[in-house]
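Comments concern the structure below.
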Amino acid sequence: MKKVRVRFAPSPTGFMHVGNARTALFNYLFARHNKGDFILRIEDTDLERHNEDAVKAIFETLNWLTLDYDEVYRQSKRFDIYKKYVDYLLEKGLAYECYCTKEELEKMREEQLKRGEPPRYTGKCRNLTPEEKERLRKEGRKPVIRFKVPENEIIAWDDLVKGHLEFNSSNIGGDFVIVRSNGIPVYNFVVVVDDHLMNITHVIRGEDHISNTPKQILLYKAFGWEIPKFAHLPIILGKDRSKLSKRHGSTSVEEFRKKGYLPESLINFLALLGWYPNEELYKKLASKKEHVEIFTKEELIELFDLKDVNPAPAVFDTTKLDFINEYFIRKLDLDTLYKHLLEFVKVRKDIDIKEENNRLLIKYKNEIYETDKDTFFKAIELTRNYYTTLEDVFVYLKELLKDEYEIDENALKFLRENEDSLKVINAFYEKIKNLEEVLSKEIFKKLVKEIQKELKVKGKRLYMPLRIALTGKMQGLELDALVEFLGKDRVLKRLENFLRKVENA
RNA sequence: GACCCCGUCGUCUAGCCCGGCCUAGGACACCGCCCUUUCACGGCGGUAACGCGGGUUCAAAUCCCGCCGGGGUCGCCA
């Protein structure tokens with residue numbers, strides 16, 4: 001068996017679309033599962049539309065997703081290679097110069113459409129004599145090179161995802177361009193040359209390439225090259241079932257990264273978009289798993305098979321992504337989570353963590369928190385059940401680290417409607433003030449019990465006033481954990497702040 | 001319009017190739033209950049789908065035909 005070699009071949013035109021990311025992921029998983037190579041090839045032949053920022057974004061994104069590649073190529077550096085193969089086709093009479101202008105072609109297309117015919121190049125320039133070419137050149141025309149497409153030939157392949165596919169060569173648009181008038185070859189040509197030269201065994205790409213495949217197969221045949229296996233992945237749809245695009249909301253990996261999704265979450269989610277593990281293989285893993293649809297990258301590599309890719313397109317609905325992200329955030333060990341956090345703040349202008357010998361200076365929007373690393377970790381431990389994204393770490397920090405806070409509408413209403421609230425709070429304040437031990441969960445519970453007995457108040461009427469006094473809100477963490485975290489001094493400080501506020505009101 | 005692809009709960013899907021084990025399974029979301037001083041977490045349970053119509057067959061989500069619906073592609077973009 002030949003060594004499996006696959007490639008991810010993005011064109012650098014902007015941020016990486018989640019659909020592209022999924023294509024990259026499936027290529028990656030297939031390569032690693034089969035102990036093969038995963039190659040990155042930047043398809044930048046269209047010089048006008050490409051920019052280096054987009055190239056950087058590709059590396060950045062793959063890196064962030066931890067999809068490591070074995071080789072990198074850039075097509076813009078391979079033009080001399082392609083020229084050889086163009087010349088070969090020209091010499092063999094399998095390709096020819098075409099001097100039609102864009103305007104002429106446009107006109108031709110419109111007329112064909114008007115007559116209800118599919119638009120195709122008619123082969124007008126197939127048999128130009130050297131004299132005619134000379135004349136056209138003198139007019140200042142620069143030719144493109146077209147590949148001769150045979151009439152009425154069945155081009156078929158067994159797609160690893162879609163099954164048997166076939167086209168009639170007469171239906172693929174006529175002789176197609178392989179070299180532009182500026183001398184630069186186009187996608188359908190270079191992709192074949194490169195895939196051959198790079199020994200690609202499996203071409204795994206989006207289904208929008210299905211109609212390119214017959215053209216490419218024709219080229220393989222013209223060169224007498226072995227045709228790789230093709231696997232066309234279904235496209236990803238938006239909520240309205242049309243191709244996922246910017247108007248559907250967040251569609252680039254970059255955006256999800258900025259929102260605070262973990263790379264492992266995105267990988268897990270994207271893998272499940274159009275793929276599901278084979279039952280038999282899965283069973284072996286099942287007993288070890290805490291959750292049936294949470295997969296690490298290693299598990300995905302072990303389980304991945306193109307046979308299990310669903311040929312139907314999938315709607316991109318991030319509800320499950322939220323669940324997966326919440327799950328990973330809850331389960332990751334704190335050090336790993338902290339590493340992710342440091343990576344995360346790098347892509348956020350409004351969030352920053354500065355570390356200076358165990359002191360942390362944390363900036364979140366307009367708030368600044370100063371604390372030590374241990375306290376920060378404790379705060380995360382206490383609140384991580386509430387997070388959906390990494391940003392939430394900072395959202396929930398406020399309750400734990402800021403002793404100044406507003407009192408919610410609802411909370412005020414509760415206080416008004418429950419007159420014994422202030423008595424409870426005052427009693428609690430006195431007890432804390434006179435406390436000699438370190439404030440712990442147990443002590444807190446003991447104190448509250450005492451208040452319950454003394455004031456004959458219990459349940460919500462007992463706990464809610466304390467919660468409001470300590471946080472200004474009607475919901476939040478477990479009070480005993482919060483109180484223990486704050487410690488005696490800060491609890492007193494909060495209570496004093498609160499009581500002052502109430503007096504003024 | 002032409003060519004091509006696709007159609008199972010709201011969403012992601014298992015089952016389809018090789019008809020019966022499907023009273024259609026799982027996950028997320030949603031709802032309810034339990035846990036609990038609140039909100040979450042966690043545990044338990046529930047609602048919810050084979051696009052439609054014909055065949056074939058003792059038996060069809062599964063095979064065949066037609067229809068309908070959705071999508072993709074028709075560039076000197078990739």
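All values reported here derive from a predicted model rather than from experimental measurement. So that the names make sense, note that chain A is the first sequence line, chain B the second, and so on, each numbered from 1. Every heavy atom of this structure was used, including side-chain atoms; hydrogens, water molecules and symmetry mates were not.
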Using the side-chain hydrogen bond (donor to acceptor under 3.5 Å, both in side chains) criterion, which residues pair with A:Asp408? Sequence neighbours excluded.
none
Every protein N/O within reach of nucleotides 65-73 of chain B N/O, cut-off under 3.5 Å:
| residue | atom | partner | partner atom | Å |
| --- | --- | --- | --- | --- |
| B:rG72 | OP1 | A:Lys243 | N | 3.2 |
| B:rU73 | OP1 | A:Lys243 | NZ | 2.9 |
| B:rU73 | O2' | A:Ser211 | OG | 2.8 |

Can you tell which of B:rA78, B:rC6, B:rC3 lies closest to the side chain of A:Thr45?
B:rA78
Under 4.0 Å between a Lys/Arg side-chain N and an Asp/Glu carboxylate O for A:Lys398 and A:Glu406?
no
Do A:Asn212 and A:His209 have side-chain N/O donor and acceptor atoms under 3.5 Å apart?
yes
My understanding is that only one of A:Phe256, A:Tyr261, A:Phe316 makes a ring pair (Phe, Tyr, Trp, His ring centres under 6.0 Å) with A:Phe269; could you say which?
A:Phe316
To the nearest Å, how far apart are A:Asn278 CG and B:rU13 P?
16 Å
A:His164 has an atom NE2; how far is it from atom P of B:rC17, in whole Å?
19 Å
Between B:rU13 atom P and A:Glu279 atom CD, what is the distance in whole Å?
16 Å
Could you check which of B:rG7, B:rC12, B:rA14 has an atom nearest any side-chain atom of A:Tyr276?
B:rA14
A:Arg109 side-chain N/O to B:rC74 phosphate OP1/OP2 under 4.0 Å
no
Which of the following nucleotides, B:rC28, B:rU11, B:rC4, is nearest to the side chain of A:Ile210?
B:rC4
If you measure from the Lys or Arg side-chain nitrogens to the Asp or Glu carboxylate oxygens, is any gap between A:Glu290 and A:Lys331 under 4.0 Å?
yes
Per nearest nucleotide of RNA chain B, the residue lying toward the 5' end, A:Glu43 or A:Ile172, is A:Ile172
Tell me whether A:Lys402 forms a cation-pi arrangement with A:Tyr405, defined as NZ or CZ under 6.0 Å from the six-membered ring centre and within 45 degrees of its axis.
no
Would you mind checking if A:Glu454 and A:Lys431 are paired as a salt bridge, meaning a charged N to carboxylate O distance below 4.0 Å?
yes
Give the rounded distance in Å between these two atoms: CG of A:Leu105 and P of B:rC76.
7 Å
Taken to the nearest whole Å, CG/A:Leu321 to C1'/B:rA27 is 14 Å
So if I take residues 189-197 of chain A and measure heavy-atom distances to RNA chain B, which residues fall below 4.0 Å?
none
Polar atom pairs between nucleotides 18-24 of chain B and protein, under 3.5 Å, N or O only, would you list them?
none

Tell me which one of A:Glu97, A:Glu103, A:Glu104 satisfies salt bridge (charged side-chain N to carboxylate O under 4.0 Å, His left out) with A:Arg141.
A:Glu104
Which nucleotide, in any strand shown, forms a Watson-Crick or G-U wobble pair with B:rU57, with both distances under 3.5 Å?
none
Does one side chain, of A:Arg7 or A:Tyr69, offer a donor that lies under 3.5 Å from an acceptor on the other?
no
Quickly work out the A:Phe328 CZ to B:rA27 P distance and round it to whole Å.
17 Å
Measure from CG on A:Asn310 to P on B:rC17 and round the result to the nearest Å.
16 Å
Whether the side chain of A:Lys102 and the base of B:rC76 hold a donor-acceptor pair under 3.5 Å is what I'd like checked.
no
Thinking salt bridges, do A:Lys378 and A:Glu381 make one under a 4.0 Å N-O criterion?
no
Check the pair A:Phe59 / A:Leu40 against side-chain contact (heavy atoms from CB on, under 4.5 Å), numbers first and verdict last.
CA-CA 9 Å; A:Phe59 291 124; A:Leu40 173 62; 3.5 Å; yes
Distances for protein N/O vs nucleotides 37-41 of chain B N/O pairs under 3.5 angstrom?
| residue | atom | partner | partner atom | Å |
| --- | --- | --- | --- | --- |
| B:rU38 | O2' | A:Met474 | O | 3.4 |
| B:rU38 | O2 | A:Gly476 | N | 2.9 |
| B:rU38 | O2 | A:Gly476 | O | 3.4 |
| B:rU38 | N3 | A:Arg467 | NH2 | 2.8 |
| B:rU38 | N3 | A:Gly476 | O | 2.9 |
| B:rU38 | O4 | A:Arg467 | NH2 | 3.4 |
| B:rU38 | O4 | A:Leu477 | O | 3.4 |
| B:rU38 | O4 | A:Glu478 | N | 3.2 |
| B:rC39 | O2 | A:Tyr386 | OH | 2.8 |
| B:rC39 | O2 | A:Gly476 | O | 3.4 |
| B:rC39 | N3 | A:Tyr386 | OH | 2.8 |
| B:rC39 | N3 | A:Gly476 | O | 3.3 |
| B:rA40 | O2' | A:Asn385 | O | 3.3 |

4.5 Å side-chain heavy-atom contact, A:Leu165 and A:Pro214
no
First of A:Val309 and A:His50 reached from the 5' end of RNA chain B, by closest nucleotide
A:Val309
Can you tell me how far C1' of B:rA78 sits from CD1 of A:Ile58, to the nearest Å?
11 Å
Starting from the C-alpha separation in whole Å, work towards a yes-or-no answer on salt bridge (charged side-chain N to carboxylate O under 4.0 Å, His left out) for A:Glu52 and A:Arg74.
CA-CA 12 Å; A:Glu52 285 310 302; A:Arg74 290 195 60 160; 3.0 Å; yes
Would you give the length of the straight line joining atom CG of A:Asn325 to atom CG of A:Leu262, rounded to the nearest 0.5 angstrom?
4.5 Å
Who are the side-chain hydrogen bond (donor to acceptor under 3.5 Å, both in side chains) partners of A:Asp317, not counting sequence neighbours?
A:Thr319
